[in-house]
Structures are given as structure tokens and as C-alpha cells.
K.L.:
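I'd like to ask some things about the structure below.
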Amino acid sequence: MRSHYCGQLNELLIDHSVTLCGWVHRRRDHGGVIFVDLRDRDGIVQIVFDPKQPEAFTLAERLRNEYVLQIQGQIRRRPPGTENSDLPTGQVEVVANQIDILNPAEPPPFQIDEVNINEEVRLRYRYLDLRRPTMLARFQLRAKVTSLLRTFLNEQGFLDIETPMLTKATPEGARDYLVPSRTHPGKFFALPQSPQLFKQLLMMAGMDRYYQIVRCFRDEDLRADRQPEFTQLDIEMSFIDETILKNIMESMIRMLFTEVLQVELPNPFPSLTYQEALLRYGSDKPDLRVPLELTEVSDLMTAVDFKVFAQPANDPQGRVAALCVPHGGKLSRKQIDDYTLFVNHYGAKGLAYIKVNDITAGREGLQSPILKFLPDPVINAVLERTQANSGSLIFFGADKAKIVNEALGALRLKIGDDLDLTQPGWKPLWVIDYPMFEWDDKEKRWFSLHHPFTAPKVQNIAALETDPIHCQSRAYDMVLNGSEIGGGSIRIHRTEMQAAVFRILGIGEAEAQEKFGFLLEALKYGCPPHGGIAFGLDRLVMLMAGAHSIRDVIAFPKTQTANCLLTAAPSTITTEQLRELHIRVHTTETVSS
RNA sequence: GGAGCGGUAGUUCAGCUGGUUAGAAUACGGCCCUGUCAAGGCCGGGGUCGCGGGUUCGAGUCCCGUCCGCUCCGCCA
């Protein structure tokens, strides 16, 4: 139907006859001459309608925005002075000889060139939203990313293998999306939270290197970076250790940034232990672009006559930490109060601070409601450790370590943003040496920090069982600009170890057999040492595209309550469908078709 | 489950301490116009102020409830 794309046209094609197809982006009717900006996936070009071509001209008078056209015409250089340097095709224009209205269009509910549209409207008319050049660019970027990843992995000997979407519900981790079985009354499939077990089975099958760009499903509450269905780049390798895997994955991500963004990432990526990340940044996914760090001051506060500090300082689970903000002294009382409210969200009961007016003036140069509780040596040590200067503001968090970390970690990012301290660019890193288990006080049992198939650093099962809290795992996360973009581990490849981990997690023999019997059995038949990683493709593309939500890099995303505003899914189904599935619905609303 | 912000014309928004007929821009319709590119000029149509209740002589505005969207906590790797 066409000879060229609109965006391809340039001076080299002058005098050529072309046939174009596309949408009316805009029409400018001067009465005697009509201009139409024709848009296709490749770009925009100006079409001119002259009354000397009365047939085409008459039709052009009827054109409206978003009409779909086929146009046959002649490319010519624009008359001097009428070139448009804002348009890549702006040196030329197409004089229309013939026009075919392939489809008229009603006025769209919003203008395609409008930037600031309510997301509700955009999602309701997503197919129109996607016509906008910024959206198109994001999906072109996403396609380039997946293409480069596939090429890289193919060249590295990875096999792209599909795994089931209809699979088995898992007890640990996120809530499953369930699919009722028609042929097995009362039984359900689960949609995969990730292909974790299948990729391990593929290693046991001798596939050696596997990858898949695969949809995963988790029925949990949504966020800007969380959708109920999302895409992972899932990877698994045999006969490797973490060094080999991390090297290959780093070079893959470096390649991606070079090819797509012309950005050179560090080689190698820096590495932080989980513990160090929490100590210095209060987070296991630190944003290294923010040049602020937490300072440990617990040891200074054990003997102070200030219960708010002394108690957590003496509690093995507690922590007292400082966040020193250079030039933070200019913050108003109101802003400090707002930050106090902000840390309240994370369970912090307050936010103590010291304003450093004059670092040389000792106690007199400081300003703080808590000053009277702190003896000189403590104050001096705090000032020295935080490297405070005149004009600095030092915030304090004192509570259970978890609360201090989350509160000051979040405050660090907020202040970095508010005071414009966040540096531009890209800061990738690995976070390693995760604890193997985490104690849940409510349920009184251990949980896997990563997942139950992650190998511990110790080989000795007895050591694992006697001291779970100090046991580290062979897990690793890749973090970029404060987002966890990938995570994985070396897996357990021996039956005894897997059984021991299940025991610690309180998964009984019978339950282990029922839920993971196939895996335990497979381990017996010659399982190679193996490990892998999974990248959150949506998050990665979001970051690379400079978008603020993964919804902007997913063609048809869901809302925060997991609705699709375009199709109105989920919806009720007929009683006939329910009957076939052996399901009865208990709601106040009646089920309709 | 919880906190915050928002919902007024097709769209983006304004609408103050409650007060006459709810405005603007843009889009849309008509007319004029031969070099614009966010074309321009003139004229016109367009509103269940998310929904339900309450307070009041009077509610877009105040109160209660509810629905929807967004951000966050919990939840989730």
C-alpha cells in the first residue's frame, strides 16, 4: 500500500513519487492551500493540497484529526523560508496528487499531541495513548532491549525454553493467581510467580544454560513499579559459581547500556554486603546517586541520660543512627516537622535533630531540643563521625534497627530529592551476603529471605540448623539507582541440604513431599551445581526510558486495584461457566452474564 | 487493611470565607482565509460539578458515606 514511511522522507528523495499511509496528525486549512501533517510509526511529514488538484483538494477539506489516509504525491523541496527545522522531514513536503480516505475518525477523547492527560483516560483509550510519539518511543526502546538481550544470551549459549503457565500453587512467597480446573473438580492451577522450579529442573535435565523472557503473576497490592503480571528475564546456569554468573550478567547489562543509551557502566560493578548496605544506606537497594550516608552512633548512646536513645542503643535489636545533611541548616522548622511526619509512616516515633550553626563554637554553636541530654564527649564524637560542618543538620533515628533503617533510608532519598542532591547518571551495584533466614515474630518461625531453594554459604548442615540467624546465603541482587532490577542465587543441589532448609522453615516431611516432592526426587537423579538470576524487565526498561511507572512501559497495564480500564477485566462470568468449573460465588452481588 | 492527594464541558484546569445564569484554554460545528507548521479571524453548540445522603433560606464549595484514579505504608523479590 505504501512506498515509504513518513519519517524516511528527505532531500535525497526530492522529485520522487511516493505513496504514504498514516493518520492525520494535524490539519491547517488556509482556504486556498491545505496542509496536513501525516503521521505513521516512523515520523511525520507535511502534505500540501493545492486547488490545482481539485479532486484531492476537495477531499482534503473534509479531513479531520486521526483520519486514516493513503496519499500519493510528489516530494519537493519546501519553498525557501518555509522549512521547519523542528521536524526531521522539515526540508521537504509532499504535494498530494491523490488521496484515499481509508477510514474517517471521530474526534478522539483527548488530543494525541497533548502531554498532560489523566492516566485514567489514557488507560481507558490505551490504543490512542499509544499513538503518542513518547509512548511509541518507549516501546521501541523495550523491543530493542529484549532483542539485544536475546542476541547476547543466544551467543553465550543460552537456550530459550518455555515453561508452563498453568502450574502448581506454592506455599511460600506471594499470593498466587489461581485457575480452576474443569476436569478436576475442586482443584486449581496457579499462574507462575516465576519459573523458579522449572528452570532448576531444566538444569537437572542437562540444558546447561537457559533463559526466557517470561510473564509472571503475583496477586499482591500494586505500586508504581509493581503490576499483577510482569515480565522477567529469567536465567539459569549449570556448573557455575556466583563469580561466573555475576560476570556474565554484568557484561550483559553493560552491553545493553552501551548499545541503547551510549552509557558506559563501571567494570566491575561495585559490591556491598547486605549488612553494609543497611548500615550505610538503611536499605538493601541503596540509591548510590544520593551522596548522603547513615552514621552508626549506637555505641555512643549506651550511657546517655536520654531513654529514647539509650534504650535502643542497649537493645541488640535496636539501633541509633545519624543522617548528616550538609547545608541542612537552612531547612525550616516546618520542613523538619514535615520530615518527622514522613518518618512516622515507617514506624519511627520521632525525628531528633541537631542544627550545627558554628562547628568551631562547641556546644554554643549547636541548636537542638536534645542537646541537654548529651554530654560533650558524645556530641564531639557525633560531630566528628558525621563529618558535620557549620550549616549541617544532623537527623537521628533511634528504635528497632529495622525501623531506623527504613525511616532514615527513606528520609535519605527524600532529602536527596528535595535538596536536589541526587546526582545524574547510573549507579549499579551488587548486594551480596544476604542472611539465609529471617525470623517472623508474629508467626514464630523462620522465613527464607530469598526463597527456599537458595544455597547457604556453609556446606555443613548441622551448622545451618544450630545457628540459622547467622547463616548467610549465596544470593545476590543487582541494584540500579535505588531499584532492585535483578536477583538470584546459587541453588541447593543436594537432597539433604534441601531437606534441612525445609526443616528450618517448618515445612514438614509430608508438606515438602506434597508441594515439592518432584523437586526433591529430581535432586536424587544427578543434579548439577547451578544458579541463576531473574531481572525485572519492566523495571529495567522503565529506568532506561526515564519513565516513572512500569505502566508506562507495559502496553496494557492494570490500575492500582488490578482493573483493566480498557477491557473492564476482571468481570463476572455466566452461571454456566461457574457450574462447569464447580465453583459457587459468595458475594452480595448476583452473578450476571 | 491503613494514610495522603485528586474527581467540575470531549480534554486540561480555574471557581476565595456557601450567594445571581458555573468560567478559561483547547477540542468540536459553521463561515472567512494561498505558505502554515500549537496557522489565524469571526460566530456557535457543549455541564447529572463522580455517586448517595445530610446541614442550610441557599451547596461545585461545609459534613457523613460510597465509588473510581494516583502516591505511599502494610503486603510483595
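Chain identifiers are assigned alphabetically (A, B, ...) following the order of the sequence lines, protein sequences preceding nucleic acid strands; residue numbering begins at 1 within each chain.
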K.L.:
With the side chain counted from C-beta on, respond yes when A:Glu93 and A:Arg76 share a heavy-atom pair under 4.5 Å apart, and no when they do not.
P.N.:
yes
K.L.:
Using both distances under 3.5 Å as the test, list the Watson-Crick or G-U wobble partner of B:rU66, or none.
P.N.:
B:rG50
K.L.:
Any strand is fair game: report the nucleotide pairing with B:rA77 by Watson-Crick or G-U wobble, both distances under 3.5 Å, or none.
P.N.:
none
K.L.:
Any strand is fair game: report the nucleotide pairing with B:rU71 by Watson-Crick or G-U wobble, both distances under 3.5 Å, or none.
P.N.:
B:rA3
K.L.:
Output one letter per nucleotide in nucleotides 34-47 of chain B: B when a protein non-hydrogen atom lies under 4.0 Å from the base, S when only the sugar-phosphate is that close, - when neither is.
P.N.:
BBBBSB--------
K.L.:
Tell me: CZ of A:Phe57 to C1' of B:rC33, nearest whole Å?
P.N.:
10 Å
K.L.:
If the sugar-phosphate is the primed atoms plus P, OP1 and OP2 and the base is the rest, what is the B/S/- string for nucleotides 67-77 of chain B, using protein heavy atoms under 4.0 Å?
P.N.:
-SSBBBBBBBB
K.L.:
Looking at A:Asp113, A:Leu38, A:Asp40, which one forms a side chain to side chain contact (heavy atoms under 4.5 Å, CB included) with A:His25?
P.N.:
A:Asp113
K.L.:
Is the cationic atom of A:Arg445 (NZ for Lys, CZ for Arg) positioned less than 6.0 Å from the six-membered ring centroid of A:Phe447 and within 45 degrees of its normal?
P.N.:
yes
K.L.:
Under a 4.0 Å threshold between the charged nitrogen and the carboxylate oxygen, would A:Asp433 count as salt-bridged to A:Lys457?
P.N.:
yes
K.L.:
Could you check which nucleotide pairs with B:rA25 in any of the strands shown, counting Watson-Crick or G-U wobble with both distances under 3.5 Å?
P.N.:
B:rU11
K.L.:
Atom CZ of A:Arg124 to atom P of B:rU11: distance rounded to whole Å?
P.N.:
11 Å
K.L.:
Using the P atom as the point on both nucleotides, what is the distance between B:rG19 and B:rC62, in whole Å?
P.N.:
11 Å
K.L.:
With A:Phe188, which residues qualify under side chain to side chain contact (heavy atoms under 4.5 Å, CB included), at least two apart?
P.N.:
A:Leu178, A:Pro180, A:Ile583
K.L.:
Under 6.0 Å between ring centres: does that hold for A:Phe57 and A:Phe49?
P.N.:
no
K.L.:
Now, which nucleotide makes the Watson-Crick or G-U wobble pair with B:rC37, with each of the two distances under 3.5 Å?
P.N.:
none
K.L.:
Using the ring-ring contact (aromatic ring centres under 6.0 Å, His included) definition, which of the options A:Trp430, A:Tyr281, A:Tyr434 pairs with A:Tyr274?
P.N.:
A:Tyr434
K.L.:
Taking atom P of B:rG6 as reference, at what distance in whole Å does atom CG of A:Asn116 sit?
P.N.:
16 Å
K.L.:
Is the number of heavy atoms from other residues, nucleotides or ligands under 6.0 Å of A:Glu106 CD greater than 12?
P.N.:
no
K.L.:
A:Glu66 has an atom CD; how far is it from atom P of B:rC28, in whole Å?
P.N.:
11 Å
K.L.:
Measure from CD1 on A:Ile112 to C1' on B:rU12 and round the result to the nearest Å.
P.N.:
15 Å
K.L.:
For atom P, what is the distance between B:rA3 and B:rG65, given to the nearest Å?
P.N.:
11 Å
K.L.:
Going by distance alone, is a donor N or O of one side chain under 3.5 Å from an acceptor N or O of the other, for A:Glu61 and A:Thr58?
P.N.:
no
